[in-house]
Amino acid sequence: MRKVLTPLHLWGIAVGLVISGDYFGWNYGVEKGGALGMLAATLLMSALYVCFIFSYTELSTAMPRSGGPSTYAARAFGRWGGFLAGYATLVEFLLAPPAIARAVGSYVHFRVPSLSVEGVAVGAFAVFCALNALGTSLAATFELVVTLAATFELVLFFFLAAPHASMARLTAAPTLPHGLAGVLAAVPFAIWFFLGIEGVAMSAEEARDPRRDIPRGYVAGVLTLVVLAVGTLLCSAGVLTPTELVADDSPLPRVLARVLSPSHPMTHLMVYLGLFGLIASFHGILMGAARQVFALARDGYLPGYFAALHPRFRAPARAVLVPWALGTAAVFSGRTDDLITAAVLGAVALYLISMAALFRLRRSDPEMERPFRVPGFPWVPGAAMGLSALSLLAVAASAPRVTAGFVALGAILAVIQAKRFRARDLEHS
């Protein structure tokens, strides 16, 4: 794969993968835990992601391959470790795009009611899967441009909404309507503020200088996202009630409609520029999904058909077909919250596996070249691992039905994969 990505590209991918979480999705957490409960969950998850990214950067610079978590886990725990990490990553990167696509449809429908949410979402899948097939340089440059536009739009939103945000609304009784249980129930939606940033590792193979560029892009990206997450929550929950925030998947235009007016030019601008944030994450996660499918096919976990690169653009064009087909079908589920929860389950599972791989490789492979070493070892990765375990328990407790489906699907795929492993072993014996 061509090495074309600079630190600025990687920052754009890191922020772009995630920035849609500021435009929608997090608002369901305010309903679960109240404004202060969601704030507590957001600060807790900010700590998780800062610790995780510093730790994850050690792995991604030591093994800069498109497989990301599956590569690290396979080296640490063998092929079953690679399978588990690959499954968790696929769940995250295949189910997050339809949730974002529905939000794209919701934002467009907010402005043009004659266009259906599902129709716009399906069209978005077709357009951006095609763009991903046209090469990394074009896709990454497009990602950077829309990420810069989306970041500017959020700063403009803070400037317009902050003067109207009320501390009284943030602390209105009941401050914690469901107590600690509500804070834990808000955790999956606080994770949505950061979900997907690990996808930068799947572009590591295409970085010009992975040793230097990945740490710079990753650290700058996660710090940017912490500031945007806290600002978005305070400026929105300080204006609208929890019930108003979960009315649909376009909370930020609703905030500006309240503080300005529904017909104000800035409200319309939020709809139009807000699409850049959704598109940045949608396109970025599709990039990560295609590269994960490509890497798993190359490593023998998926059919080899998906491991072929386009002869001219050197992009994983066939691998794009998987997120396109599954995502288009999932759009019609109509369950944005369940899609978010399932994607979060995959994410926290891969965080746990990745941190376990880091600890294992420090013991089993101490001579491995590590261009970047996590500061504060073992406490920083230990904190990331502990907070990931807490998050996994919180998600499982708040969404047992989705969790059961996640486990059941994993078990079915494990049985299929065991047969593939046996067939391969017999072939090589």
Side-chain angles (χ1 to χ4, degrees), residues 18 21 24-52 69 84-85 87-96 98-99 174-198 229-230 233 237 242-243 245-246 249 251 330 333-356 381-414:
V18 180
F24 88 106
W26 62 267
N27 46 316
Y28 294 101
V30 179
E31 182 184 43
K32 302 287 186 182
L36 289 186
M38 182 59 182
L39 178 61
T42 299
L43 294 176
L44 193 64
M45 292 305 99
S46 296
L48 162 60
Y49 275 88
V50 169
C51 292
F52 172 74
L84 291 174
Y87 168 66
T89 307
L90 278 182
V91 169
E92 176 188 0
F93 278 78
L94 292 179
L95 294 186
T175 53
L176 293 173
H178 305 292
L180 179 60
V183 176
L184 294 177
V187 162
F189 305 100
I191 290 175
W192 192 246
F193 274 130
F194 303 95
L195 185 81
I197 190 173
E198 60 277 9
V230 174
L233 175 59
T243 302
L245 282 172
V246 298
D249 291 331
S333 69
R335 298 302 301 266
T336 301
D337 53 346
D338 284 348
L339 291 171
I340 290 174
T341 301
V344 167
L345 276 171
V348 293
L350 81 86
Y351 301 161
L352 276 171
I353 296 169
S354 297
M355 293 302 95
M385 198 169 186
L387 288 170
S388 296
L390 174 65
S391 301
L392 186 61
L393 292 173
V395 177
S398 63
R401 178 177 54 84
V402 177
T403 303
F406 175 81
V407 173
L409 178 60
I412 293 169
L413 293 178

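Below, all heavy atoms of this structure are taken into account, side chains as well, without hydrogens, waters or symmetry copies.
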TODO: Starting from the C-alpha separation in whole Å, work towards a yes-or-no answer on side-chain contact (heavy atoms from CB on, under 4.5 Å) for Ser391 and Met45.
DONE: CA-CA 9 Å; Ser391 301; Met45 292 305 99; 3.4 Å; yes
Do the non-hydrogen side-chain atoms of [X] and [Y] ever get within less than 4.5 Å of each other?
{"X": "Val91", "Y": "Leu345", "value": "no"}
{"X": "Leu393", "Y": "Leu184", "value": "no"}
{"X": "Leu195", "Y": "Val18", "value": "no"}
{"X": "Ser46", "Y": "Phe193", "value": "no"}
{"X": "Arg401", "Y": "Asp338", "value": "yes"}
{"X": "Leu48", "Y": "Leu390", "value": "no"}
{"X": "Glu31", "Y": "Thr243", "value": "no"}
{"X": "Val30", "Y": "Val246", "value": "no"}

Task: Parallel, tilted or perpendicular, as decided by the 30° and 60° cut-offs, for the rings of Tyr28 and Phe189 - done: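 Taking Tyr28 first and then Phe189, their aromatic rings sit tilted (interplane angle of 30° to 60°).
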Open item on the list: Students often mix this up, so state it plainly: with edges at 30° and 60°, are the rings of Tyr351 and Phe52 parallel, tilted or perpendicular?
Closed with: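 Plane angle between 30° and 60°, so tilted.
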Open item on the list: Is it the case that the side chain of Asn27 and the backbone of Leu245 share a donor-acceptor pair, with hydrogens and angles ignored and the cut-off at 3.5 Å?
Closed with: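 It does hold such a pair.
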Task: Side-chain donor/acceptor of Glu92 to backbone N/O of Val344, under 3.5 Å - done: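 Not a single qualifying donor-acceptor pair exists.
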Tell me the closest heavy-atom pair linking [X] and [Y], and the distance in Å.
{"X": "Leu352", "Y": "Ala389", "value": "CD2-N, 3.8 Å"}
{"X": "Ala40", "Y": "Val183", "value": "CB-CG1, 4.3 Å"}
{"X": "Ala99", "Y": "Ile340", "value": "CB-CG1, 4.2 Å"}
{"X": "Ala85", "Y": "Pro69", "value": "CB-O, 3.5 Å"}
{"X": "Val187", "Y": "Ala394", "value": "CB-CB, 4.2 Å"}
{"X": "Gly29", "Y": "Ala186", "value": "O-CB, 3.6 Å"}

Taking atom [atom1] of [X] and atom [atom2] of [Y], what is their separation to the nearest 0.5 Å?
{"X": "Ile353", "Y": "Leu84", "atom1": "CD1", "atom2": "CG", "value": "5.0 Å"}
{"X": "Tyr87", "Y": "Leu413", "atom1": "OH", "atom2": "CG", "value": "6.0 Å"}
{"X": "Leu39", "Y": "Leu44", "atom1": "CG", "atom2": "CG", "value": "11.0 Å"}
{"X": "Leu95", "Y": "Phe406", "atom1": "CG", "atom2": "CZ", "value": "9.5 Å"}
{"X": "His178", "Y": "Lys32", "atom1": "NE2", "atom2": "NZ", "value": "8.5 Å"}

Open item on the list: Does Thr42 form a side-chain contact (heavy atoms from CB on, under 4.5 Å) with Trp26? I'd like the steps, not just the answer.
Closed with: CA-CA 9 Å; Thr42 299; Trp26 62 267; over 6 Å; no
